[in-house]
Engineer: 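This is the structure I want to talk about, given as structure tokens.
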Amino acid sequence: MDLFSSLKSDDPEDLSEVIRELTSLKELLNQYAYNYYVLDAPTVPDAEYDRLYKRLELLEYEYPQLLDPNSPTQRVGGAAVEAFESHRHAVPMLSLKTETNSESSGAENFDTRIRKELGLGPNAPLVEYIAELKFDGLAMNIRYEDGKLVRATTRGDGEFGEDVTHNIRTISQIPLELKINDAKLLTHPVIPRVLEVRGEVYMRLDDFQKLNERQRDKILKGAKGERTFVNPRNAAAGAVRQLDPRIAAERPLSFFAYGVGEVRWINDEQTNPQDLSSIFKTHKNLLDSLKALGFPVDSHAELVSGAQGLISYHQRMGQLRKNLPFDIDGVVYKLNDTTLQQKLGFITREPKWAVAHKYPAQEELTTVLGIEVQVGRTGKLTPVAKLSPVFVGGVTVTNATLHNQDEAQRKDVRVGDTVIVRRAGDVIPEVVSVLLDKRVGTPEPFKMPSNCPVCASLAVREEGEADFRCTGGLYCAAQRKQAFLHFAQRKALNIEDLGEKLVDQLVDTGTLKTLPDMYRLGLTSLITLERMAEKSASNVLASIERSKTTTLARFLFGLGIRHVGETTAKDLAKHYGSIDAVMSAEVEDLLSVKDVGPVVANSVRTFFDQPHNVEVVNQLRACGVSWSESAPNGSGSSNLELPLAGKTYVITGTLSRYSREDLKEQLESLGAKVSSSVSAKTTALIAGEAAGSKLTKAQELGILILGEDELEALLNFN
DNA sequence: CAGCCTCGAGTTCT
DNA sequence: CTCGAGGCTG
């Protein structure tokens, strides 16, 4: 069985299943270890022991609430860590059924089930729910008797938990004594005889970061037994399970209350502990009461109606997720009316009136199958970790860049390692860290090869540079391929239909050697290739033909001169007006171009000092590549009278009514500058759907943010 | 010379 | 989108 893929995806909250597996793993491992260490008579191969051990570690990582201090993984030098006192919950701490179905169906399933259970027909009114965030921390039961905190217990297996009162007392957000802050919010405006508050202990992201910085400092200073934490949840779990409350106190934890266990508001009441309807009419009442008694209640909890309300909440919080100061792994839907809750009751250990609707995990464990080295257009060698496929952040990830040798060595990723993978920012997978204690044996540390893996030319690292580069230049097939793809890309000559697969074949067969070869391609040479019949071949030729009419800026960019990107190419084109002027410009002259310094100037001059590059330009022109050349515009600025002159815009997110390129052109034609990063100089940020870090930054800097409607007004007005 | 503002380059998956 | 580094500005 595959050790790493089966988790989570199936039924993440079916804890009983997990507990069964944990128990049997622990029993087996203890038995094997006894045979091995005590009897000196191993009964299974080491590999089998390792396999079971890894599986146990993985489960414990995924379900830290089930971590048993007596687990074989917790032994330090053979002795088990001292246990916490176990306590039976007065009212079992239930788990929630989990919907992982994306988008709307999870919410719809739940609403449909509820309506059916309640016997509501299609014409009955919408059902009222409370939707809350599902915090990624540890569930806790905190018991108050006559208003005083007497015990705090972890969820454990739902029936028995561990007494961690000494640590919970150090969390300042949790009152040691109940106080009535706002009697109006209370259904019973007195201090209850018994109240068990349930909620989540978690660590805020900023606190988590600070903690890890402190831990790193300690380790650097040589402190023994200190470690950094892989994520806030594990850090919180570690803090809660500290034996020494002084250490727990240094680990800043936070708390949100969202439910109750045993409640006896008045001394003599012996109400059914699982029927709260006599005390709280609705779940909203319950939350308000907790707030009134001094507990932090998350402000994102909302009263919503029907499936649509749930769906909208799920979507809105999904957007908000990355900007929250803490981790969530989903949202929770609860039937608001407690009488109806009571009517629905429970199925085994799950309430039928509530469900968790998860988002795809942002972090997962997987193993490194290998480390490959890729060669980029400029010859840069990039190590890439090949991963055992893992579903994270909504997609299946198989590759993650390690950027360069230093980065790969700093993270110390090695073949066979178990690593944590995250989809950082919005898209790009990243190896967060290696779980060192899961490393098997001693695999070789990663080292950059001394020769290019594609063309075997020497790979060198320039003084003071982070990157190794293949010295093969265009002799190197990898660089040649990238050069063609760069030339053909949309922002350059825009040759549609000329993709990676095609270029691969054309370069490998030797059909494409230099850029002008593209304009000498014939139908016959194309049809011989794989997956290329007459129809597609003529499409390709038509695209190539179309690309011949272009602009100087696109052409310059397409040549792929180092340090000359889209913007610099535009600047050069504008300044010189013709390709001949650019080609013959001396370094001192190039320096007078806006935003061109010594590095860029030298790069341009050196490029055109190579006779073969001049030859390429001439041949391309001879092949019919053309653009309208304009008079040089040495000084640059001239459009001061344009309406948006001097303004700088940044575009982010997905726009529904414009393509980004079109919008950029429109704005530029009005005299504005469109930049890629937000700074104090930015006039306004144009934000579409799902805007990410740029929106956050603009908000921090207090920069004007325009939606699509406001943008429209701006464009029409001018 | 430091610090800010940009640009260039590389990267992943559907 | 992010990182690193080139170029400009105070």
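Chain identifiers are assigned alphabetically (A, B, ...) following the order of the sequence lines, protein sequences preceding nucleic acid strands; residue numbering begins at 1 within each chain.
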Engineer: Return the value, rounded to whole Å, for the distance between atom CZ of A:Phe391 and atom P of B:dT12.
Structural biologist: 18 Å
Engineer: Write out a two-atom table: protein N or O, nucleotide N or O from nucleotides 6-10 of chain C, distance below 3.5 Å.
Structural biologist:
residue: C:dG7; atom: OP1; partner: A:Gly597; partner atom: N; Å: 2.6
residue: C:dG7; atom: OP1; partner: A:Gly597; partner atom: O; Å: 3.1
residue: C:dG7; atom: OP1; partner: A:Val600; partner atom: N; Å: 3.1
residue: C:dG7; atom: OP2; partner: A:Val599; partner atom: N; Å: 3.3
residue: C:dC8; atom: OP1; partner: A:Asp595; partner atom: N; Å: 3.4

Engineer: Side chain of A:Ser679 only, please: which of B:dT6, B:dG8, B:dT12 is the nearest?
Structural biologist: B:dT6
Engineer: State which residues pass ring-ring contact (aromatic ring centres under 6.0 Å, His included) with A:Phe555; sequence neighbours excluded, sorted by chain then number.
Structural biologist: A:Trp627
Engineer: Measure from CZ on A:Arg562 to P on B:dG10 and round the result to the nearest Å.
Structural biologist: 9 Å
Engineer: Could you please name the option among B:dT14, B:dC13, C:dC1 that lies closest to any side-chain atom of A:Thr652?
Structural biologist: C:dC1
Engineer: Going by side-chain hydrogen bond (donor to acceptor under 3.5 Å, both in side chains), name the residues that satisfy it together with A:Asn494, two or more places apart in sequence or in a different chain.
Structural biologist: none
Engineer: Partners of A:Glu566 by salt bridge (charged side-chain N to carboxylate O under 4.0 Å, His left out), sequence neighbours excluded?
Structural biologist: A:Lys491, A:Lys664
Engineer: How many Å lie between CZ on A:Phe557 and C1' on B:dC7, as a whole number?
Structural biologist: 11 Å
Engineer: Could you tell me how far apart A:Arg469 (CZ) and B:dG8 (P) are, to the nearest whole angstrom?
Structural biologist: 15 Å
Engineer: With heavy atoms under 4.0 Å as the rule, sort A:Ser676 into base, sugar-phosphate or nothing.
Structural biologist: base
Engineer: In whole angstroms, how far is the P atom of B:dG10 from the CG atom of A:Leu402?
Structural biologist: 16 Å
Engineer: Quick one: does A:Ser543's side chain have a donor or acceptor within less than 3.5 Å of a partner on A:Asn539's backbone?
Structural biologist: yes
Engineer: Quick one: is A:Thr568 getting a side-chain N or O under 4.0 Å of the B:dG8 phosphate, OP1 or OP2?
Structural biologist: yes
Engineer: Sequence neighbours excluded, which residues qualify as side-chain hydrogen bond (donor to acceptor under 3.5 Å, both in side chains) partners of A:Arg214?
Structural biologist: none
Engineer: Reckon A:Asn399 has a side-chain N or O less than 4.0 Å from the OP1 or OP2 of B:dT11?
Structural biologist: no
Engineer: For A:His486, what residues pass the ring-ring contact (aromatic ring centres under 6.0 Å, His included) criterion, not counting sequence neighbours?
Structural biologist: A:Phe557
Engineer: Where the side chain of A:Ser675 is defined as all heavy atoms beyond and including C-beta, which of B:dG10, B:dC5, B:dT6 is the nearest nucleotide?
Structural biologist: B:dT6
Engineer: Output the single nucleotide from B:dT6, B:dC13, B:dG8 whose closest atom is nearest the side chain of A:Ser677.
Structural biologist: B:dT6
Engineer: Less than 4.0 Å between a side-chain N and a carboxylate O, is that true for A:Asp412 and A:Arg439?
Structural biologist: yes
Engineer: B:dG10 C1' sits how many Å from A:Gln374 CD, rounded?
Structural biologist: 9 Å
Engineer: Between B:dG10, B:dC13, B:dT6, which one does the side chain of A:Lys673 approach most closely?
Structural biologist: B:dT6
Engineer: Given atom CG of A:Leu556 and atom P of B:dG8, what is their separation to the nearest angstrom?
Structural biologist: 12 Å
Engineer: Can you tell me how far C1' of B:dG8 sits from CZ of A:Arg377, to the nearest Å?
Structural biologist: 9 Å
